[in-house]
A.B. asks: 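Okay, handing you the structure first.
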Amino acid sequence: MKFGLDVATDGEWSDPRLLVDLAVEAEKAGWDGFFLWDILFPDDASQPVADPWIALAAIAARTSRIRIGAMVTPVARRQPWEVAKQVASLDGLSSGRVTVGVGLGWKPAEFEQLGLDSEVRGRIARAEDTLALLDRWWRGEAASSEAASIRDVRLLPRPAQQPRPPIWLAAGLPRRAPLDRAARWDGIYLMTHNQATDAYLMPGEVAEAASYVRSKAGAAFDVAVNIEPAEDPADLDTARARARAMAGAGATWIVELTPETVEEHRSLIRRGPPR
């Protein structure tokens with residue numbers, strides 16, 4: 001089991017210098033992953049939002065062990081060649097520590113206000129096309145896409161990780177199609193809530209998702225579960241109990257969500273991973 005942090009980039013967390021400080025603390029405290037939100041528009045439109053890729057580059061330069069990445073990037077609103085170059089550069093800068101999180105985007109407004117297709121089917125098609133391009137580019141191959149009007153493009157340098165950085169796809173329950181899409185890659189990032197009931201995912205549901213996706217992907221497949229912080233972020237006993245339950249359900253990563261305040265976040269980070 002590995003332990004990561006799902007870190008906000010809006011409001012109090014929008015200062016890249018703060019994000020770097022938190023990442024350095026997390027590495028010292030023994031956490032395995034530090035993953036930033038990739039959003040444009042926060043719930044409160046008056047709040048600022050940091051660019052995750054700028055912050056991650058600074059984090060890569062100040063850390064040496066912890067895995068980093070964005071959880072998750074809605075690639076359907078990004079140009080595929082920009083994603084390819086940013087991830088390859090970040091992976092080189094970090095000496096091969098990037099995990100690529102991919103989602104469809106949970107806010108239609110992030111597409112509508114930018115003049116992009118917000119329909120789910122369109123986002124799925126573009127995301128799958130982008131992933132196919134990224135996979136070939138990161139393997140050092142030339143790639144083309146009729147949908148993206150890309151012809152025989154090769155992008156270098158390749159990422160430090162070979163054949164490419166691991167790709168996790170966001171998914172949940174009870175919908176099966178996202179689980180099927182995730183099974184074609186390296187891992188799944190299970191969302192906190194059941195898609196039908198909006199209740200927190202229970203270990204039994206995590207076990208159901210893990211069993212289903214591994215039946216298609218194989219055993220060497222990461223199952224990352226994001227979980228809400230405990231009422232007291234410093235409560236190690238509760239954190240350990242939850243970790244045991246999720247490990248028993250087949251999770252390979254627990255990624256703890258951002259608490260309400262930065263001070264609570266520091267308390268969670270300094271508590272350390274619940275090994």
Side-chain angles (χ1 to χ4, degrees), residues 1-73 90 94 97-99 101 103 106-107 168 170 189-193 200-201 224-247 251-275:
M1 174 69 75
K2 293 183 179 179
F3 299 91
L5 297 158
D6 176 290
V7 183
T9 52
D10 65 339
E12 285 189 272
W13 288 266
S14 63
D15 183 348
R17 292 165 296 188
L18 170 66
L19 296 173
V20 172
D21 288 345
L22 294 177
V24 170
E25 281 201 63
E27 183 168 84
K28 288 179 180 176
W31 292 88
D32 301 300
F34 193 87
F35 306 120
L36 301 185
W37 293 3
D38 189 346
I39 63 170
L40 286 179
F41 308 138
D43 289 333
D44 180 353
S46 69
Q47 294 297 308
V49 179
D51 183 290
W53 301 97
I54 296 294
L56 286 166
I59 287 167
R62 289 281 308 279
T63 57
S64 61
R65 178 193 56 80
I66 201 166
R67 289 200 72 81
I68 59 176
M71 292 291 159
V72 292
T73 293
L90 184 63
S94 67
R97 292 186 282 127
V98 175
T99 297
W106 65 279
K107 247 186 180 181
W168 295 354
Y189 192 54
L190 282 175
M191 297 294 97
T192 313
H193 298 90
Y200 286 115
L201 286 185
V225 183
N226 65 12
I227 59 175
E228 80 288 359
E231 188 172 332
D232 176 5
D235 182 355
L236 186 57
D237 289 339
T238 297
R240 282 176 173 159
R242 293 191 303 174
R244 284 194 295 270
M246 291 302 180
T252 58
W253 278 81
I254 285 179
V255 183
E256 300 207 32
L257 297 175
T258 302
E260 291 293 322
T261 68
V262 168
E263 284 312 304
E264 287 180 318
H265 213 167
R266 289 191 188 277
S267 178
L268 168 64
I269 289 169
R270 290 169 181 168
R271 183 206 76 200
R275 302 195 191 281

A.B. asks: Assert yes or no for the condition that the ring centre distance of W168 to W253 is strictly below 6.0 Å.
C.D. replies: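 Ring centres of W253 and W168 closer than 6.0 Å.
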A.B. asks: Testing the basics here: between V49 and P42, what is the closest heavy-atom pair and its distance to 0.1 Å?
C.D. replies: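 Shortest heavy-atom contact: CG2-CD, 3.5 Å.
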A.B. asks: Let me see the working for L22 and R266 under side-chain contact (heavy atoms from CB on, under 4.5 Å), right down to the final yes or no.
C.D. replies: CA-CA 7 Å; L22 294 177; R266 289 191 188 277; 3.8 Å; yes
A.B. asks: Show your working on side-chain contact (heavy atoms from CB on, under 4.5 Å) between V255 and M71 and close with a plain yes or no.
C.D. replies: CA-CA 10 Å; V255 183; M71 292 291 159; 5.9 Å; no
A.B. asks: Would a 4.5 Å heavy-atom cut-off, applied to side chains only, mark L201 and H193 as touching?
C.D. replies: no
A.B. asks: Determine the minimum heavy-atom distance between A55 and L36, stating which atoms define it.
C.D. replies: CB-CD1, 3.7 Å
A.B. asks: Surrounding CZ of R62 (heavy atoms of other residues, nucleotides or ligands, distance under 6.0 Å), is the total greater than 12?
C.D. replies: no
A.B. asks: Mind listing the closest non-hydrogen atom pair of G103 and A170 along with its distance?
C.D. replies: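 Between these two residues, the closest heavy atoms are CA-CB, 4.2 Å.
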A.B. asks: Determine whether F34 and R67 make a side-chain contact, defined as any pair of heavy atoms from C-beta on separated by less than 4.5 Å.
C.D. replies: no
A.B. asks: Nearest heavy-atom pair of P274 and W31: which atoms, and what distance?
C.D. replies: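 P274 and W31 have their closest heavy atoms at CD-CH2, 4.5 Å.
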A.B. asks: Does some side-chain heavy atom of L268 sit less than 4.5 Å from a side-chain heavy atom of E264?
C.D. replies: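 Of all side-chain heavy-atom pairs linking L268 with E264, none is under 4.5 Å.
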A.B. asks: Under the side-chain contact (heavy atoms from CB on, under 4.5 Å) test against T9, which residue among D51, L19, D15 passes?
C.D. replies: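 Exactly one option meets the side-chain contact (heavy atoms from CB on, under 4.5 Å) with T9, and it is L19.
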A.B. asks: side-chain contact (heavy atoms from CB on, under 4.5 Å) between E263 and E12: does it pass, once the steps are laid out?
C.D. replies: CA-CA 10 Å; E263 284 312 304; E12 285 189 272; over 6 Å; no
A.B. asks: side-chain contact (heavy atoms from CB on, under 4.5 Å) between Y189 and T99: does it pass, once the steps are laid out?
C.D. replies: CA-CA 11 Å; Y189 192 54; T99 297; over 6 Å; no
A.B. asks: How close do A60 and L90 get, heavy atom to heavy atom, and via which atoms?
C.D. replies: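 Closest approach of A60 to L90, heavy atoms only: CB-CD1, 4.0 Å.
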A.B. asks: Among D38, I68, V20, find the residue that satisfies the side-chain contact (heavy atoms from CB on, under 4.5 Å) test when tested with L56.
C.D. replies: I68
A.B. asks: Does N226 use its side chain to pair, donor to acceptor, with the backbone of L257 at less than 3.5 Å?
C.D. replies: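 Checked: no pair found.
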A.B. asks: Starting from the C-alpha separation in whole Å, work towards a yes-or-no answer on salt bridge (Lys or Arg N to Asp or Glu O under 4.0 Å) for R275 and D32.
C.D. replies: CA-CA 11 Å; R275 302 195 191 281; D32 301 300; 2.9 Å; yes
A.B. asks: Are any of the side-chain heavy atoms of V7 and H265 separated by less than 4.5 Å?
C.D. replies: yes
A.B. asks: Are any side-chain N or O atoms of R271 and backbone N or O atoms of A239, one a donor and one an acceptor, separated by less than 3.5 Å?
C.D. replies: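 Absent.
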A.B. asks: Are the side chain of Q47 and the backbone of D10 linked by a donor-acceptor contact shorter than 3.5 Å?
C.D. replies: no
A.B. asks: Is it the case that atom NZ in K2 sees more than 12 heavy atoms from other parts of the structure closer than 6.0 Å?
C.D. replies: no
A.B. asks: What I'd like to find out is whether the side chain of S64 reaches to under 4.5 Å of the side chain of E27, using heavy atoms alone.
C.D. replies: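 Sidechains of E27 and S64: in contact.
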A.B. asks: Does K107 reach the side chain of D43, with side-chain heavy atoms less than 4.5 Å apart?
C.D. replies: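 Heavy-atom side-chain distance check passes, below 4.5 Å.
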